[in-house]
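Since the structure comes first, as structure tokens, the remarks are kept for the end.
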Amino acid sequence: MKTIIVLALALQLSPLALAQTVSPSAFPAAPQIADVRSGELRLKGYFWKPAGSGPFPAILFNHGSGADDPQHTAGRTMAEAASDLAPVFLKHGYAFFYLCRRGQGLSADQGPFTQDLLKQAEAKGANARKRLHYQLITGSQLDDGLAGLTFLKAAPDVDPKRIAIIGHSFGGMITLLSGDHDSTIRAEVAFAAGANSWHASQELRDRTWAAVGKTAAPIMLLYAANDFDTTPGKDISAELDRLHKSHLLKIYPAIGKTSDDGHNLLYLGIPEWEPDVFQFLDDNVKH
């Protein structure tokens with residue numbers, strides 16, 4: 001068990017510098033478009049495997065709840081988001097599966113878009129939105145994430161005993177809620193989990209603490225200092241400390257100029273988190 005908190009001076013990056021951190025210099029071959037059954041739905045996702053022969057350790061990635069339309073997340077299209085991240089994982093020898101959950105990206109025709117549902121609920125009041133958010137993140141959206149895990153464990157050239165789950169924002173919370181459903185998960189990495197929702201829902205906090213308490217896998221929590229809220233990471237880390245469970249909390253220097261920039265550490269700060277995340281993954285998943 002180890003907790004690391006890193007705080008330093010804010011790193012102010014220009015828009016050009018931010019753009020340069022997003023796109024790795026080398027891009028992998030075109031991904032396989034994978035089909036995933038989630039109940040009656042047929043979801044799709046982008047699936048890459050490293051060069052060479054498997055079986056490979058693998059990553060299931062849980063994206064955020066979206067932006068203004070079903071095809072965008074974190075200021076980029078879903079396809080761009082997947083292609084920004086995939087080369088980082090492939091060069092470290094991991095297969096990478098970017099699942100598009102219902103209503104988003106390649107699965108936009110498989111149910112309503114999460115942000116549309118939340119906006120409709122918000123028109124009825126803040127409590128209605130909070131209730132729906134909880135229902136989605138612990139219900140249908142979590143079900144989709146677990147369906148992605150089932151797909152990945154059966155995928156050719158993937159070692160089903162060496163799989164980690166990684167998520168961003170809403171997807172980071174799905175990642176943390178997944179561990180008590182499958183004890184074979186080797187590690188969980190959550191970027192900016194709960195930064196927009198933690199204080200709004202005691203019910204979500206209680207469910208998260210219950211889930212991580214039953215999770216066998218070590219957990220890594222990552223935030224930028226200028227994210228909307230780093231309290232979720234500190235609270236979850238404190239609970240894991242109390243339970244004597246293996247985990248890491250890392251709070252990086254501020255990135256960019258806004259809380260939105262900080263929230264997108266995953267995409268804008270790859271050089272900062274890459275060595276830490278892959279040390280964690282290699283220690284707990286690859287070997």
Side-chain angles (χ1 to χ4, degrees), residues 36 38-41 43 60-74 78 99-105 107-149 165-182 188 190-215 219 221 223 227-240 259-260 262-264 266:
V36 175
S38 181
E40 297 299 315
L41 302 182
L43 309 178
L60 169 65
F61 182 77
N62 290 315
H63 59 74
S65 60
D68 293 332
D69 65 74
Q71 295 301 331
H72 285 79
T73 185
M78 301 285 283
L99 172 69
C100 295
R101 298 190 306 276
R102 66 186 68 192
Q104 283 184 259
S107 306
D109 61 347
Q110 298 296 298
F113 177 39
T114 295
Q115 289 297 332
D116 287 344
L117 292 173
L118 291 173
K119 288 175 184 176
Q120 292 168 12
E122 191 169 9
K124 301 176 183 178
N127 284 336
R129 186 189 191 284
K130 180 176 69 176
R131 286 194 300 272
L132 179 61
H133 180 276
Y134 179 80
Q135 291 166 4
L136 292 172
I137 207 167
T138 61
S140 59
Q141 293 285 315
L142 175 59
D143 290 344
D144 288 353
L146 295 172
L149 180 61
I165 305 180
I166 297 179
H168 175 230
S169 190
F170 188 98
M173 293 302 297
I174 289 175
T175 296
L176 296 174
L177 294 171
S178 298
D180 65 344
H181 290 269
D182 192 323
E188 296 179 359
F191 286 83
N196 285 312
S197 58
W198 190 250
H199 281 298
S201 175
Q202 181 65 49
E203 192 174 24
L204 180 60
R205 296 194 294 274
D206 290 342
R207 177 67 178 269
T208 304
W209 285 323
V212 300
K214 297 176 183 177
T215 297
I219 294 172
L221 304 154
Y223 298 82
D227 201 339
F228 296 103
D229 186 8
T230 61
T231 305
K234 297 171 186 176
D235 287 351
I236 296 166
S237 178
E239 175 65 5
L240 292 168
S259 293
D260 196 54
H263 193 61
N264 288 324
L266 169 66

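Positions are given from 1 along the sequence.
- Residue Leu142 holds its CG atom at 9.5 Å from OG of Ser38, rounded to the nearest 0.5 Å.
- Listed by first then second residue, pairs satisfying ring-ring contact (aromatic ring centres under 6.0 Å, His included) with a partner in residues 107-131 number zero, not counting sequence neighbours.
- Take Ala67 and apply the side-chain contact (heavy atoms from CB on, under 4.5 Å) test, not counting sequence neighbours, and it matches His72.
- For Asp144, the salt bridge (charged side-chain N to carboxylate O under 4.0 Å, His left out) test picks out Arg102, with sequence neighbours left out.
- The side-chain contact (heavy atoms from CB on, under 4.5 Å) check on Ala193 picks up Met173, Leu176, Ala190, Tyr223, with sequence neighbours excluded.
- Listed by chain and number, the residues in a side-chain contact (heavy atoms from CB on, under 4.5 Å) with Asp109 amount to none (sequence neighbours excluded).
- Judged by distance alone, the side chain of Ser259 and the main-chain N or O of Phe228 form no donor-acceptor pair under 3.5 Å.
- Checked against salt bridge (charged side-chain N to carboxylate O under 4.0 Å, His left out), Glu122 has the following partners two or more places apart in sequence or in another chain: Arg129.
- Legend: residues meeting side chain to side chain donor-acceptor pair (under 3.5 Å) with Ser178, ordered by chain and number and at least two apart, are absent.
- A donor and an acceptor atom, one from each side chain of Gln202 and Asp206, are located under 3.5 Å apart.
- Counting heavy-atom neighbours within 6.0 Å of Lys119 NZ, excluding the residue itself, gives a total above 12.
- Listed by chain and residue number, nothing satisfies the salt bridge (charged side-chain N to carboxylate O under 4.0 Å, His left out) test with Arg205 (two or more places apart in sequence, or in another chain).
- Of the possible polar contacts, none joining the Ser107 side chain to the Gly103 backbone as a donor-acceptor pair under 3.5 Å is found.
- By the side chain to side chain donor-acceptor pair (under 3.5 Å) test, Glu188 pairs with no residue at all, sequence neighbours left out.
- Remark: Gln115 engages Ser65 in a side chain to side chain donor-acceptor pair (under 3.5 Å) (not counting sequence neighbours).
- For the side chain to side chain donor-acceptor pair (under 3.5 Å) test, no residue two or more places apart in sequence or in another chain qualifies with Asp68.
- For Ser201 and His133, the side-chain atoms include no donor-acceptor pair closer than 3.5 Å.
- By the side-chain contact (heavy atoms from CB on, under 4.5 Å) test, Leu132 pairs with Leu117, Leu118, Ala121, Gln135, Leu136, sequence neighbours left out.
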